[in-house]
Trainee: 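Can you keep this structure in mind? I'll have questions shortly.
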Amino acid sequence: MESTHQPADAGGSRSVSDQCSELVLYVNGKPHTLTLDHRATVLDVLREDLGLTGAKKGCDHGQCGACTVLVDGRRANSCLLLAVAQDGRRITTVEGLAEGERLHPLQEAFLERDALQCGYCTPGQICSAVGVLAEAADGFPSHVTPPGTGSGAPVELTDDEIRERMSGNLCRCGAYPRIVEAVGDVSARAGAASWTSGGPAGQGVAS
Amino acid sequence: MSPDPFPLGPHPHPLGAPLVRREGREKVTGTARYAAEHTPPGCAYGWPVPATVARGRITAVETDEALALPGVCAVLTHENAPRLAATDDPTLSVLQEDRVPHRGWYVALAVADSLEAARAAAEAVRVTYETGEHDVGLSADHPRLYEPETANGGYPGTRERGDFEGAFAAAPVTVDATYTVPPLHNHPMEPHASTARWTDGHLTVHDSSQGSTRVCEDLAALFKLDKDEVTVVSEHVGGGFGSKGTPRPQAVLAAMAARHIGRPVKVSLPRREMPAVVGHRAPTVQRVRLGARDDGVITALSHEIATHTSTVKEFVEQAAVPARIMYTSPNSRTVHRVVPLDVPSPSWMRAPGEAPGMYALESAVDELAVLLDIDPVELRMRNEPDTEPDSDRPFSSRHLVDCLREGAERFGWLPRDPRPAVRRQGDLLLGTGVAAATYPVLIVGSDAEAHADADGSYRIRVNATDIGTGARTVLVQIAAAALNVPEDRIRIEIGSSDLPPAFLAGGSAGTGSWGWVVHKACTQLVARLREHHGPLPAEGLTVAADTRKETAEQSPYSRHSFGATFAEVQVDTATGEVRVRRMLGVYAAGRILNSRTARSQFIGGMTMGLGMALMEGSGLDPAFGDFAECDLASYHVPACADVPLIEAYWLDEEDPHLNPMGSKGIGEIGIVGTAAAIGNAVRHATGVRLRDLPLTPDKVLRHL
Amino acid sequence: MKPFGYVRAASIGEAVRAAAGQPEARFLGGGTNLVDLMKLGVETPQLLIDVTRLPLDRIEELPDGGLRIGAMVRNSELAAAAPVRDRYPVLSQALLAGASGQLRNTATTGGNLLQRTRCLYFQDTSKPCNKREPGTGCPARDGAHRDLAVLGHSEHCVATQPSDMAVALAALDATVHLHGPDGERTVAAAEFHRLPGDKPEQDSVIGAGELVTSVQLPPASPGMRSRYRKARDRASFAFALVSVGAVLEVRDGVVRHAALAFGGLAHRPWRARAAEKVLYGAPATEDTFARAADAELAAARPLRDNGFKVPLARNLAVGVLADLADRAARS
């Protein structure tokens with residue numbers, strides 16, 4: 001994922017016309033200064049303007065997860081993000097996960113477990129899984145997290161947790177059991193946390 | 001059957017070895033490019049305009065407002081679109097006439113410099129219609145139902161043997177039940193998309209298709225070109241499940257628009273519009289009648305289905321066909337009836353015929369088992385035929401009983417208390433169910449080339465398509481076995497109509513059809529190499545083969561895969577929510593050529609069957625004539641949380657009457673039987689027999 | 001989607017000023033519903049005022065023991081926040097029962113409240129809809145309405161509010177804080193959404209140019225227990241058929257405080273006041289809970305295909321209340 005490079009204060013977009021603005025997106029660590037139609041989504045900018053077609057368009061309405069990317073380390077549906085509103089943000093796509101020839105552990109695990117068939121949902125699944133690992137490490141609960149689990153403590157990624165957390169990524173080929181195994185493999189391995197990012201949940205509470 | 005993770009044997013890997021997908025790395029790194037991910041210089045974007053009436057004629061298309069928007073290149077309508085030649089498939093005759101045969105039929109295409117402009121232009125096109133009364137309602141007593149000559153697949157519409165009525169009337173035990181399956185949508189994750197460009201009269205299309213040979217042929221015919229003037233590339237395809245089996249309108253629209261504006265054009269169908277234009281599984285109303293002796297042997301079997309087609313073309317879901325081969329019965333009647341309605345054209349969806357037909361048949365068999373108080377596994381064994389009941393041909397291989405036996409063992413089927421509604425955990429009722437599965441073997445003649453390079457490497461060329469099956473990988477395994485060389489010395493080219501033509505990835509026929517011709521080409525290449533003395537010429541040696549002759553011969557055998565699916569469900573008595581706890585399938589499908597990718601296909605089919613059982617279904621809106629549930633928020637496909645432990649196993653089945661690999665197809669059988677197994681488990685859990693899919697809380701709760 | 005202008009507000013005042021007198025302006029939060037609706041042509045703003053970078057992204061303890069939730073706090077952050085999980089579990093559970101992980105990371109507290117119905121006709125601009133285009137009719141009444149309202153609907157509209165979060169907020173007696181051209185005001189969460197009546201185009205009481213700035217939760221008493229439960233067509237990532245958010249305080253076997261709200265039944269989160277009347281002071285038994293649910297649901301007027309929602313709501317309510325009472329008894 002991206003280096004520690006932290007963009008300067010976000011929010012410098014500049015109106016070029018009533019309908020276009022100039023803005024900067026940091027995609028896989030690289031700044032892109034773009035003049036964009038306000039209607040353009042992050043997904044369409046990645047795919048049509050930047051040639052990064054890893055993020056997929058499955059539904060264009062946030063209903064399938066194929067477009068999942070990481071925005072400032074958290075997963076999001078890029079089809080619903082207007083690019084202009086993401087000015088200054090760090091966006092990580094599936095193309096930004098491997099380090100050179102060395103695949104991200106989740107990419108390795110998806111291959112090893114055959115957690116894909118047609119491959120169209122796969123980049124979104126993998127980006128989502130990167131987000132899931134970070135969210136669990138940061139103590140984000142899910143619908144199936146037992147109520148007694150301590151707030152803020154890392155959540156153990158059981159199969160049920162993985163299934164629930166990965167449910168925003170539809171796979172019509174039916175690779176789910178293998179996807180759960182692949183995410184479980186990486187989650188179980190020590191050092192998975194080194195791939196995650198993002199601040200702990202519950203921050204921002206002031207009394 | 002190898003345990004996980006998959007160990008690899010020594011080179012060359014024998015058939016069946018769990019090789020990792022050849023294109024897997026591209027897919028996990030996002031570099032595999034799908035049809036809409038080719039953007040030639042100057043590429044414009046097409047955005048279709050669907051009809052908003054269910055039946056009528058276009059009286060006017062107002063395009064001025066759209067054309068005045070910035071970045072808009074053109075709006076194609078039936079008035080200005082290039083004229084197409086007639087075609088066998090009228091769903092491809094887009095923008096040719098003013099008739100609107102169903103809501104969602106494309107009436108225009110806006111073309112612009114950007115996706116945003118194209119979408120805005122499409123929204124700005126104003127179409128006015130003269131409308132007529134429409135009818136989208138299927139019922140088993142629809143006055144316009146007729147018996148078609150043939151159903152999909154070329155099967156006779158009606159078959160009768162013996163005296164069904166007499167035997168049914170005389171039977172001591174009878175089941176007479178009607179099951180309904182709603183319209184279902186393929187919804188592959190990749191929407192149908194095409195990028196088309198014309199270069200000096202040559203048309204090149206990147207198309208999301210299950211078979212670019214057919215797309216090439218159809219586009220050539222439509223645009224009055226020679227086949228060698230058209231190239232269709234389907235390198236990576238994001239699923240199809242039948243809906244990309246033949247060309248779909250986006251390929252024609254993109255090619256038309258590219259010709260019209262003289263620039264490349266990309267058309268990717270909006271998800272919401274897909275149900276209306278890419279085909280769907282037609283709804284079926286299925287009446288099954290079984291008459292049996294007290295020992296459970298079926299003496300009378302009738303399966304009658306009513307379904308719909310569009311007014312554009314006749315497509316008949318062959319749901320009564322599996323009843324012709326499944327169980328022994330001297331008296332049998334299987335009938336299809338179809339009514340053309342003002343609905344979108346139905347087409348193939350994973351296991352057309354078998355998926356809905358076996359839902360009904362296998363539910364009825366379960367009803368019979370309950371009536372007779374015979375274990376449903378045992379009941380099926382008592383009705384195992386010696387030959388195919390319909391034709392009396394011998395089976396090339398049939399191991400249904402072994403699948404049932406092994407499945408029962410692995411699942412822990414016995415001991416099973418047959419009493420319903422007695423396994424309670426809090427609000428939950430638990431139950432188990434079983435169903436059989438079958439799918440025919442289809443093999444179609446294809447072409448391939450095998451090439452030996454002077455450097456000792458090999459190259460296979462065949463226009464196979466990988467829609468997620470792992471075709472590249474398994475074809476290389478077949479080649480490696482035939483050539484007796486390590487698979488890493490073999491390159492393979494698939495997914496382009498410029499390659500030797502081959503059958504599409506459909507009907508579970510791909511691997512058998514392509515593998516046979518690859519095997520043949522490689523075998524001939526080995527012979528040529530044996531005859532060759534000295535070093536190979538610089539250009540290497542190439543052998544071309546085709547299997548038209550072999551595959552044209554009618555097999556004297558009835559050839560089918562078989563399987564058994566077991567499911568355990570929980571039914572929440574407070575909410576009516578049904579969830580699958582675990583599912584297990586055992587299949588007899590000839591030789592399995594790659595255990596890793598095969599397992600994924602079986603599980604994938606079972607997962608789609610889970611969706612069919614519990615959540616998938618859309619309705620035709622009587623007032624508007626379209627599918628009400630047209631997007632992925634309203635048409636629910638299974639999510640990860642719906643899919644618990646699913647296991648797939650297979651028998652080591654040897655069948656010498658298939659092809660050189662001894663393989664049957666495996667892409668579809670996983671969905672067959674799954675819905676029935678789940679429905680039967682719901683009955684076991686609750687005591688309630690529900691016969692109307694899907695089993696959503698609104699239908700379940702009222703019975704609890 | 002029509003072209004639109006975009007401005008990024010640097011302050012609440014600037015945001016409100018930018019919207020003043022501009023009926024075609026919309027505030028942009030996470031955009032997960034607004035952008036969706038713009039793509040469908042349902043929303044056609046001429047100006048988007050991006051409020052995501054306003055300093056409204058904090059969860060703060062209030063001196064009275066309550067909690068102030070900034071309108072731009074993301075759903076996933078809110079669900080994970082320790083005070084919410086510990087003191088208002090119904091809210092955390094409701095958020096986590098909604099949408100997907102990705103959507104929760106993007107969607108905001110304010111935007112979640114303002115999300116619009118998923119009625120299939122509302123989302124299809126080729127069809128009539130009184131909510132989208134007043135006066136055109138309501139095809140859902142005789143059409144596909146399995147998911148729609150059984151309570152409080154009108155001849156003009158049978159839509160349901162889809163938010164899970166709003167159901168929890170209604171049960172928690174939360175307040176919604178608004179800042180508009182005429183200054184600030186506060187509305188009870190249970191009164192924030194409205195019934196359709198003859199103005200189904202108005203989902204809520206929010207006025208033109210008003211911005212949701214925060215949601216505030218009253219203090220949670222130590223004996224208060226709360227829970228959210230949702231029934232749906234698939235195990236995850238689906239809107240509620242029916243949901244229930246419940247807050248219960250039981251002492252000595254008697255209900256001392258009860259707040260019950262339903263989702264999926266009406267044009268707004270349905271605060272079950274009639275049920276609560278039955279509950280207050282009554283023994284915390286299943287019989288009481290069933291009587292309470294029946295008292296509320298007696299007003300239900302199901303449509304052709306959604307009658308199942310009435311027993312479903314009853315079962316969910318009884319089950320959740322019984323569970324809360326059981327936990328109170330065991331503690």
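Every heavy atom of this structure was used, including side-chain atoms; hydrogens, water molecules and symmetry mates were not. The shown structure was predicted, so the numbers you read here are calculated from the model rather than taken from an experiment. So you know, we letter chains A, B, ... as the sequences are listed, proteins then strands, and number each from 1.
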Trainee: Side chain, backbone, both or neither: which part of B:L632 has a non-hydrogen atom closer than 4.5 Å to chain C?
Mentor: backbone
Trainee: Using heavy-atom distances under 4.5 Å, tell me whether B:A623 contacts chain C through its side chain, its backbone, both, or neither.
Mentor: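 Neither part.
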Trainee: Tabulate, in ascending numerical order, the residues of residues 567-579 of chain B having at least one heavy atom closer than 4.5 Å to a heavy atom of chain C, or enter 'none'.
Mentor: B:D572, B:T573, B:A574, B:T575, B:E577, B:R579
Trainee: Please classify the contact of C:R314 with chain B as side chain, backbone, both or neither, using a heavy-atom distance under 4.5 Å.
Mentor: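 For C:R314, neither part sits under 4.5 Å from chain B.
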Trainee: Chain B heavy atoms under 4.5 Å from C:K39: which part of the residue, side chain, backbone, both or neither?
Mentor: both
Trainee: Give, for atom CE of B:M615 and atom CG of C:D233, the distance between the pair rounded to the nearest 0.5 Å.
Mentor: 8.0 Å
Trainee: Heavy atoms under 4.5 Å from chain C: which residues of residues 697-704 of chain B carry them?
Mentor: B:P697, B:D698, B:L701
Trainee: Where on C:L241 is there a heavy atom nearer than 4.5 Å to chain B: the side chain, the backbone, both, or neither?
Mentor: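 Looking at C:L241, just its side chain touches chain B.
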Trainee: Which pair of non-hydrogen atoms, one from C:S236 and one from B:A641, has the smallest distance, and what is that distance?
Mentor: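 Looking at all heavy atoms of both residues, the closest pair is CB-CB, 3.7 Å.
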Trainee: I'd like to know which of B:D626, B:L614, B:L695 tops the heavy-atom pair count under 4.5 Å against chain C.
Mentor: B:D626
Trainee: Please look at C:R234 and chain B and tell me whether the side chain, the backbone, both or neither of the residue comes under 4.5 angstrom of a heavy atom of that chain.
Mentor: both
Trainee: Suppose a student defines contact as a heavy atom less than 4.5 Å from any heavy atom of chain B. Which residues in residues 121-132 of chain C would they list?
Mentor: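 Residues C:Y121, C:Q123, C:D124, C:S126, C:K127, C:P128 are the ones that qualify, each having a heavy atom under 4.5 Å from chain B.
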Trainee: Which residues from residues 155-167 of chain C are near chain B, with near meaning under 4.5 Å between non-hydrogen atoms?
Mentor: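 Heavy-atom contacts from residues 155-167 of chain C to chain B are absent.
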Trainee: Looking at OG of B:S634 and CG of C:D147, how far apart are the two atoms once the value is rounded to the nearest 0.5 Å?
Mentor: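 Spacing of OG (B:S634) from CG (C:D147) equals 8.5 Å.
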Trainee: Taking B:E123 for its side chain and C:G41 for its backbone only, find out whether a donor-acceptor pair lies under 3.5 Å.
Mentor: no
Trainee: Look at C:K309, C:K2, C:R229 and state which one has the largest set of heavy-atom pairs under 4.5 Å with chain B.
Mentor: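 Result: the option with the highest number of such pairs is C:R229.
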Trainee: At a heavy-atom separation under 4.5 Å, does B:D642 approach chain C through its side chain, its backbone, both, or neither?
Mentor: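 Both parts, backbone and side chain.
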Trainee: Select, from B:T52, B:V637, B:D427, the one with the greatest count of heavy-atom pairs under 4.5 Å involving chain C.
Mentor: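 Most heavy-atom pairs within the cutoff with chain C belong to B:V637.
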